[in-house]
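First up is the structure itself, then whatever we jot down about it.
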Amino acid sequence: MPRTKSSQAWLQRHFKDPYVKQAQREGVRSRAVYKLTEIDQRDKLLKPGMTVVDLGAAPGGWSEYAVRRIKPGGRLIALDILPMEPIAEAEFIHGDFTEQPVLDSLLERLGGARVDLVMSDMAPNISGIVSADQARSIYLAELALEFAAKSLGAGGSLLVKVFQGEGFTSLLQAMRQSFTKVATRKPKASRTESREMYLLAKGFKAE
């Protein structure tokens with residue numbers, strides 16, 4: 001199938017991207033690691049001994065970074081609908097987070113242990129229909145929030161990718177009800193033209 005002009009333009013931007021080049025030089029799994037790195041350095045997100053769940057983990061850039069930061073004594077469980085190359089000292093669940101059996105498997109793996117941080121870089125497959133894509137992205141973020149509410153210990157944190165648009169304000173309000181502080185983050189590695197941003201919620205109000 002011939003490439004469209006838009007896909008050709010995307011590929012040109014992608015391969016000229018300084019973060020793509022940096023990822024290739026440093027041998028990391030994806031440029032997304034630099035988004036988490038910046039947020040972590042600014043907000044002191046990851047610490048030794050933490051239990052972390054990484055939703056939408058493939059290809060594993062965030063997990064690869066996080067397992068190093070939570071040593072010694074930390075635990076990381078990664079989950080994705082796509083397969084992922086193994087990461088030493090990380091547990092991986094292959095499945096669709098929107099399906100109840102997969103969520104049950106994740107909760108079973110935790111075995112009742114409280115989580116310190118839930119990270120979600122999940123994004124829907126883009127259809128090109130803006131309203132539909134926005135609705136799916138908010139739905140994934142809401143699922144991450146629901147899971148965080150079930151699994152976080154008191155004072156825990158949630159970092160979730162969102163796209164500005166319909167549903168964003170409602171999601172933000174819901175997060176503010178469950179956490180003492182919610183901030184927006186737009187890392188330098190997040191492309192300027194993208195509506196992508198991250199919501200960082202700290203201080204989970206456990207019942």
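Quick note: numbers below take in every heavy atom, side chains included, and nothing from hydrogens, waters or symmetry partners. These numbers were taken from a predicted model, which means no experiment stands behind them.
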Show which side-chain atoms of residues 73-83 pair as donor or acceptor with protein atoms under 3.5 Å away, not counting sequence neighbours.
residue : atom : partner : partner atom : Å
R75     : NE   : E91     : OE2          : 2.7
R75     : NH2  : E91     : OE1          : 3.1
R75     : NH2  : E91     : OE2          : 3.4
R75     : NH2  : R109    : O            : 2.9
D80     : OD1  : L82     : N            : 2.7
D80     : OD2  : A57     : N            : 3.0
D80     : OD2  : A58     : N            : 3.0

message = I'd like to know whether S151 forms a side-chain contact (heavy atoms from CB on, under 4.5 Å) with V118, so could you lay out the CA-CA distance, the side-chain angles of the two residues, the decisive distance to 0.1 Å, and finally the verdict.
response = CA-CA 9 Å; S151 63; V118 174; 4.0 Å; yes
request  = Indicate the atoms forming the closest heavy-atom contact of L171 with A141, along with that distance.
outcome  = CD2-CB, 3.6 Å
inquiry  = Working note: L45 + L36, criterion side-chain contact (heavy atoms from CB on, under 4.5 Å); need CA distance, chi angles, decisive distance, verdict.
reply    = CA-CA 9 Å; L45 200 57; L36 178 59; 4.3 Å; yes
task = Indicate, with yes or no, if L145 and L110 share a hydrophobic cluster defined by side-chain heavy-atom contacts under 4.5 Å among Ile, Leu, Val, Met, Phe, Trp and Tyr.
result = yes
ask   = Tell me, do V115 and V52 make a side-chain contact under 4.5 Å, heavy atoms counted?
value = no
key: From D54 atom CG to Y65 atom OH, the distance as rounded to the nearest 0.5 Å   = 13.0 Å
remark   = Value for CE (M175) from OG (S170), rounded to nearest 0.5 Å, stands at 13.0 Å
ask   = Do the side chains of L159 and Y34 join up, straight or via other hydrophobic residues, at under 4.5 Å, putting them in one cluster?
value = yes
task = Tell me whether W62 is reachable from M197 by hopping between hydrophobic residues (I, L, V, M, F, W, Y) whose side-chain heavy atoms are closer than 4.5 Å.
result = no
request  = Determine the minimum heavy-atom distance between A66 and M119, stating which atoms define it.
outcome  = CB-CE, 4.2 Å
Residue pairs, two or more places apart or on separate chains, that pass salt bridge (charged side-chain N to carboxylate O under 4.0 Å, His left out) and touch residues 136-155 = D133-R136
Same apolar cluster: L107 and L55, side chain cutoff 4.5 Å = yes
query = Is a side-chain donor or acceptor of D116 paired with a backbone partner of M50 at a separation under 3.5 angstrom?
reply = no
task = Identify the heavy atoms of V33 and G61 that sit nearest to each other, and give their distance.
result = CG2-O, 3.6 Å
task = Please name all residues satisfying side-chain hydrogen bond (donor to acceptor under 3.5 Å, both in side chains) with K71, sequence neighbours left out, ordered by chain then number.
result = E89
request  = Output yes when a side-chain donor or acceptor of E196 lies under 3.5 Å from a complementary backbone atom of S190, and no otherwise.
outcome  = no
ask   = Of all heavy-atom pairs between A144 and V160, which one has the smallest distance, and what is that distance?
value = CB-CG2, 4.2 Å
note = Closest non-hydrogen atoms of L152 and R114, given as atom of the first, atom of the second and distance, are O-NH1, 3.3 Å
request  = With sequence neighbours excluded, tell me which residues meet side-chain hydrogen bond (donor to acceptor under 3.5 Å, both in side chains) with Q177.
outcome  = none
request  = Among residues two or more places apart or on two chains, list those pairs meeting ring pair (Phe, Tyr, Trp, His ring centres under 6.0 Å) that have a residue in residues 151-187.
outcome  = F179-F204
message = By the salt bridge (charged side-chain N to carboxylate O under 4.0 Å, His left out) test, which pairs, at least two apart or in different chains, include something from residues 172-187?
response = D43-R185
key: V182 and L172: CA distance, side-chain angles, deciding distance, side-chain contact (heavy atoms from CB on, under 4.5 Å) verdict   = CA-CA 8 Å; V182 182; L172 182 59; 3.6 Å; yes
ask   = Does S105 use its side chain to pair, donor to acceptor, with the backbone of P101 at less than 3.5 Å?
value = no
ask   = Rounded to the nearest 0.5 Å, what separation is found between the CE atom of M84 and the NE2 atom of H94?
value = 10.5 Å
ask   = Is I70 linked to I93 within one hydrophobic cluster, defined over Ile, Leu, Val, Met, Phe, Trp and Tyr using a side-chain heavy-atom separation of less than 4.5 Å?
value = no
Residues forming a side-chain contact (heavy atoms from CB on, under 4.5 Å) with Q100, sequence neighbours excluded = L103, D104
Under the side-chain hydrogen bond (donor to acceptor under 3.5 Å, both in side chains) test, residues paired with R195 that sit two or more places apart = Q134
Side-chain donor or acceptor of R69 paired with backbone N/O of L46 under 3.5 Å = yes
key: side-chain hydrogen bond (donor to acceptor under 3.5 Å, both in side chains) involving D121 - partner list, sequence neighbours excluded   = K161, Y198
query = Just how far is it from atom CG of L158 to atom OG of S120, taken to the nearest 0.5 Å?
reply = 7.5 Å
Rounded distance (nearest 0.5 Å) linking atom NZ of K202 with atom NZ of K44 = 8.5 Å
task = Verify side-chain contact (heavy atoms from CB on, under 4.5 Å) between L140 and F97, making sure each step is shown before the conclusion.
result = CA-CA 9 Å; L140 292 175; F97 184 66; 5.7 Å; no
task = Please name all residues satisfying side-chain contact (heavy atoms from CB on, under 4.5 Å) with T180, sequence neighbours left out, ordered by chain then number.
result = K205
